Amino acid sequence: MDHVVAGSEAAFACIVDRYKNRLQNVIYRYVRDYQRAEDLAQEAFVRVYLHRERYRKTGKFSTWIFTIAVNLAKNEIRRKSRLRNVLSLDHLMELLGSSEPMLKEEQHTPTDREVERDQTSSVVAAAITRLPAVYREALVLRDIEGLAYEEIAEILEVPGGTVRSRINRARLMLKDKLKGFAQNEL
Amino acid sequence: MNPCERLDSLLSAFLENEASPAEVRFVEDHLIRCTRCREQVAATRSLLDRLHHLPARPVSEGFTDRVLVRIRGTDPAGLEAPPAVLRLPSRPSVPAWTVPLAAAAALAIALLGLPQLRPGHAPAPMTQAPSAQAPLNGIASNQPATGGANGTQVPPPEVMTLGPSQEQVPVGMVRDAYVLEAYELREPAGGGGPVVTPVRADENSRVMVAF
């Protein structure tokens, strides 16, 4: 990060490469639009670069960059609400469907097992989008992005105990939404 | 709180090895006796495993390059000024009805001002309002002046025809408003005056109009 603060473009490119997919996917869980999520991820990196001197070395860099991304995503949601041109959640779910295809890195004929796993992943992803926002964001940051509870507390600006109870509750709710699935499919 | 409810509340801590020794003992003892909670624990373990391996969609190709291009253009220490970005107003005091009027005012400036800057280009005809009103501050008029009640020359207000709805809106009647919508202005090759089409404004819009 010292090199980035000093203005090294190559060092900054490394940071972008390291976090770009994670940032896009966290933002996507809020805005549910991959194109917009990518735009906002790009904006997050621009802000990181512009404000690179404000980064406190005492904190974790991942906490800082995720905080910027989450705030951008939340602002986007608020902006859409203000304009009142946002589609309802139900409508979005209809449009996106529960089986939106994920991009595959490798192009090959999938086996039955892979198809099954993809379908299950899509069902799980769709169930996540139906969680209330405060539970969804905590669960995404913890169980998908693997951030520490303390980091999540800082990013979401809530006490650590609240994060723990939200994550626990989110998992129970998610399990409840996936009740129809046989255990071995999960 | 019955034992199963207590286990539910301890589930995450137990699975993530963050429960206290006493809590771990309670969970393990309870799991020996309770089939329902054993299934709960197994299902939660599977769910966590699934979440950890949920496929992540990668960003599109060239993402990093696009970011680098943007930072070269926006570095305040740097090379260029940041691009103009439409910022939506946070002021709730602007009544919603002023928005199309403000847009109309912005269009009027563009329609009346820009053609006059081009040598030899006659301004496109505008629709005439049926009644006369006070002159509009700061808005140039291309219409002949008409007589006012006190004998002074008072130009009539002009109206703009907006969008597919063909709504006619007086020009220049709004002050202190931000434009929330953008309009695209085209002049068809076959003539017939400018065509105004609403376009969606977003943060990528390069147009900002504010009064």
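Letters A, B, ... are given to chains in the order of the sequence lines, protein chains preceding strands, and every chain is numbered from 1. Computed from a prediction, not measured in an experiment: that's the story for all the values here.
No salt bridge links Lys74(A) with Glu157(A); every basic N to acidic carboxylate O contact stays at or beyond 4.0 Å. Contact check on Arg142(A) versus Glu16(B) returns a salt bridge, with a Lys/Arg side-chain nitrogen under 4.0 Å from an Asp/Glu carboxylate oxygen. Using a 4.0 Å cut-off between charged side-chain N and carboxylate O, Arg36(B) and Glu39(B) make no salt bridge.
Contact of Ile128(A) with chain B is made through the side chain alone, with heavy-atom distances under 4.5 Å. Looking at Gln24(A), only its side chain comes within 4.5 Å of chain B, counting heavy atoms on both sides. Heavy atoms closer than 4.5 Å to chain A are found in both the backbone and the side chain of Gln40(B). Only the side chain of Leu172(A) comes within contact range of chain B, with heavy atoms under 4.5 Å apart. Only the side chain of Arg164(A) comes within contact range of chain B, with heavy atoms under 4.5 Å apart. For a residue to count as touching a neighbouring chain, one of its non-hydrogen atoms must lie under 4.5 Å from one of that chain's; by this rule Ala41(A) touches chain B with backbone and side chain alike.
Each of Asp65(B), Thr64(B), Asp8(B) has some count of heavy-atom pairs under 4.5 Å with chain A, and the biggest count is that of Thr64(B).
Tyr149(A) and Glu18(B) form no side-chain donor-acceptor contact under 3.5 Å, judged by distance and modelled atom types alone.
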Checking Lys60(A) against Glu150(A) for the side-chain contact (heavy atoms from CB on, under 4.5 Å) test, could you report, in this order, the C-alpha distance in whole Å, the side-chain angles of both residues, the deciding distance, and whether it holds? CA-CA 11 Å; Lys60(A) 283 187 76 172; Glu150(A) 295 70 25; over 6 Å; no

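For Glu154(A), the CD atom counts as loosely surrounded, since its 6.0 Å shell holds 12 or fewer non-hydrogen atoms of other residues, nucleotides or ligands.
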